[in-house]
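Right, one structure below, let's go through it.
Convention: sequence-line order gives letters A, B, ...; per-chain numbering from 1.
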2 protein chains.
Amino acid sequence: MSRDVSTEKRRSECPIAGTLDIVGDKWTLLVLRDLLDGKTRFSEFERSPEQITTNILSDRLRRLEVHGLVVRRQGSGRRFEYHLEPKGEALRDAILALAAWGNAHVADTWVPPANYLQRPD
Amino acid sequence: MSRDVSTEKRRSECPIAGTLDIVGDKWTLLVLRDLLDGKTRFSEFERSPEQITTNILSDRLRRLEVHGLVVRRQGSGRRFEYHLEPKGEALRDAILALAAWGNAHVADTWVPPANYLQRPD
DNA sequence: CTCAACGCTTGCAATTTGCAAGTCTTGAAC
DNA sequence: GTTCAAGACTTGCAAATTGCAAGCGTTGAG
C-alpha cells in the first residue's frame, strides 16, 4: 500500500518534522492511543469509534513495527498481539498533551477518566 | 483546495481524535512550529527547510484562521501578518513534546537551543 | 465437519498533496 | 512615471494517499 518505509525521505532535520515524518498522518497517533490504552489485537483497533479501515490499520501497524515503536508477537493460538516498545511508549506525553488540548479547545470531546492513558506505575 | 471547513465531520468525540481532525495532517503542526518560533509572514513559512508549497501553505493558514488558532492582520504596506491566538499558543506543550521525542528517537535531528519555542515570560 | 470470527490483502474510486505556472498588488529604482 | 522585482496568493493538472467493499486463508468453537 505505501511504498518501502526504508526509502522514505525526511523533510528536514528538525526534530518536530522528523517526528511527524513517522507519526504525522491522520491515523498513526490514534493507533498509538489505543496501544497506550492497553489494546493489543487487530480487531480491537478496528472497533475503535473512528472506524479505521483494515488496509490502513494493517499498513500503520507495519510502519510502527518497522520504525521500532511496536512489536508484533504471537498470541495464543495463531492470533497476533501488538505491544509498545519503549520508543512507542515515549510518545505518551505528546499524546496526553494533544488530549489536553482537545479537551480544552474542541467542543464536545469526552473527558477521559483521570487515569486515562496514564503511565501505570 | 480543501472543502468547506465548516462542514468537516469529526471522526469521534475522543479529544485526541478531535485535535487531530484540526492539526493532524502532514503540514499544520509545522506551520504552528514556525508561528511559535515568531514567524509571521507567508514568505517566512515558505522559506522553512521543509519547503511547503504555496497552495498548501495558504490552505493551512486559512484553516488555522477558521478554527481560531491564528489571526491574520494587515502588516505594513499591504502585507499580511499571521499571529497565534491563545488557542494556537496552547499547542506549544504538545509541539515541544513531539520535539523532545524527535530528539530522543529520530536520528540526525538538530538539537534546538535551550529556549527554542519556549514560552517567552 | 461446518461455520463464523480473526487478520489480513486486493482492486478500484475519491480525496489530498505536490508541482509549475500565472495573476495581482505594491514599493523601490531608474 | 515607467519598469521591475518581491510578496502573497490562485489555478490546473499529475501523483500519491486514503477510503470502501469484497475476498481469502486460518483457527477454534459447536
Side-chain angles (χ1 to χ4, degrees), chain A residues 1-12 17 20-31 34-35 39-67 70-83, chain B residues 1-12 17 20-31 34-35 39-67 70-83:
Chain A
M1 140 152 250
S2 58
R3 87 162 172 306
D4 184 10
V5 176
S6 62
T7 10
E8 277 165 13
K9 56 184 181 321
R10 299 257 302 280
R11 284 177 290 179
S12 74
L20 295 175
D21 285 338
I22 297 172
V23 301
D25 69 291
K26 200 170 166 184
W27 291 105
T28 301
L29 287 166
L30 292 180
V31 174
D34 285 351
L35 285 158
K39 297 179 181 170
T40 60
R41 301 233 316 276
F42 194 92
S43 57
E44 294 184 280
F45 304 126
E46 213 183 328
R47 273 193 291 273
S48 283
E50 294 82 13
Q51 304 268 64
I52 189 172
T53 56
T54 56
N55 54 344
I56 306 273
L57 175 55
S58 140
D59 179 74
R60 293 308 182 273
L61 288 167
R62 190 177 12 256
R63 301 168 67 78
L64 288 171
E65 199 188 355
V66 169
H67 285 294
V70 160
V71 254
R72 182 209 225 199
R73 297 209 284 258
Q74 290 284 23
S76 65
R78 195 163 283 284
R79 277 152 182 61
F80 290 117
E81 290 184 354
Y82 298 90
H83 291 271
Chain B
M1 138 151 252
S2 60
R3 85 160 174 305
D4 184 10
V5 175
S6 61
T7 10
E8 277 164 15
K9 56 183 181 319
R10 297 259 300 282
R11 282 177 292 179
S12 75
L20 295 176
D21 285 339
I22 297 172
V23 302
D25 70 291
K26 200 170 166 184
W27 292 105
T28 302
L29 287 167
L30 292 180
V31 174
D34 285 350
L35 284 158
K39 297 179 182 170
T40 60
R41 301 232 317 275
F42 194 92
S43 57
E44 293 183 282
F45 304 126
E46 214 183 328
R47 274 192 290 272
S48 282
E50 294 83 12
Q51 303 269 66
I52 190 172
T53 56
T54 56
N55 54 343
I56 306 273
L57 175 55
S58 142
D59 180 73
R60 293 309 181 273
L61 288 167
R62 188 176 14 256
R63 300 169 69 77
L64 288 171
E65 197 187 357
V66 169
H67 286 294
V70 160
V71 255
R72 181 210 225 195
R73 297 209 283 258
Q74 290 284 24
S76 66
R78 194 163 283 284
R79 275 144 186 66
F80 290 117
E81 290 183 355
Y82 298 90
H83 291 272

| said: What is the distance, to the nearest angstrom, from the CZ atom on B:Arg63 to the C1' atom on C:dT15? | reply: 13 Å
| Starting at the 5' end of DNA chain D and moving along, which residue's nearest nucleotide shows up first, B:Arg47 or A:Thr53? | B:Arg47
| request: Quick one: list whatever passes salt bridge (Lys or Arg N to Asp or Glu O under 4.0 Å) with B:Lys39, sequence neighbours left out. | output: B:Asp34
| query | Do A:Glu65 and A:His67 have a side chain donor and acceptor closer than 3.5 Å? | reply | no
| How many Å lie between CD on A:Glu44 and P on C:dG7, as a whole number? | 9 Å
| query | What's the shortest heavy-atom distance between B:Arg11 and B:Leu20, and which atoms? | reply | NH2-CB, 3.7 Å
| message | Expressed as a whole number of angstroms, how long is the span from B:Ile56:CD1 to D:dC13:P? | response | 18 Å
| Rounded distance (Å) that lies between atom P of C:dC19 and atom CZ of A:Arg11 | 12 Å
| query | Is the cationic atom of B:Arg72 (NZ for Lys, CZ for Arg) positioned less than 6.0 Å from the six-membered ring centroid of B:Phe80 and within 45 degrees of its normal? | reply | yes
| said: Just the rounded figure in Å: distance from P of C:dC6 to CD of A:Gln74. | reply: 17 Å
| Is A:Trp27 near enough to D:dT17 that one of its side-chain N or O atoms lies under 4.0 angstrom from OP1 or OP2? | no
| For C:dT15, does OP1 or OP2 lie under 4.0 Å from any side-chain N or O of A:Lys26? | no
| request: Take atom CG of B:Leu57 and atom P of D:dG7, then tell me their distance rounded to the nearest Å. | output: 14 Å
| message | Nearest whole Å is fine: how far is D:dG7 P from B:Lys39 NZ? | response | 14 Å
Sort me out a list of protein N/O and nucleotides 8-10 of chain C N/O pairs below 3.5 Å, or just none if empty.
| unit_1 | atom_1 | unit_2 | atom_2 | d |
| --- | --- | --- | --- | --- |
| C:dC8 | OP1 | A:Arg72 | NH2 | 2.6 |
| C:dC8 | OP2 | A:Tyr82 | OH | 2.5 |
| C:dT9 | OP2 | A:Ser58 | OG | 2.6 |
| C:dT9 | O4 | A:Thr54 | OG1 | 2.7 |

| Can you name the closest pair of heavy atoms from A:His83 and A:Thr40 and give their distance? | CE1-CG2, 3.7 Å
| field | Stepwise salt bridge (charged side-chain N to carboxylate O under 4.0 Å, His left out) check, A:Asp25 with A:Arg60 | value | CA-CA 10 Å; A:Asp25 69 291; A:Arg60 293 308 182 273; 2.7 Å; yes
| task | Return the value, rounded to whole Å, for the distance between atom CZ of A:Phe45 and atom P of C:dG7. | result | 10 Å
| request: May I ask you to check whether B:Asn55 and B:Ser58 show a side-chain donor-acceptor distance below 3.5 Å? | output: no
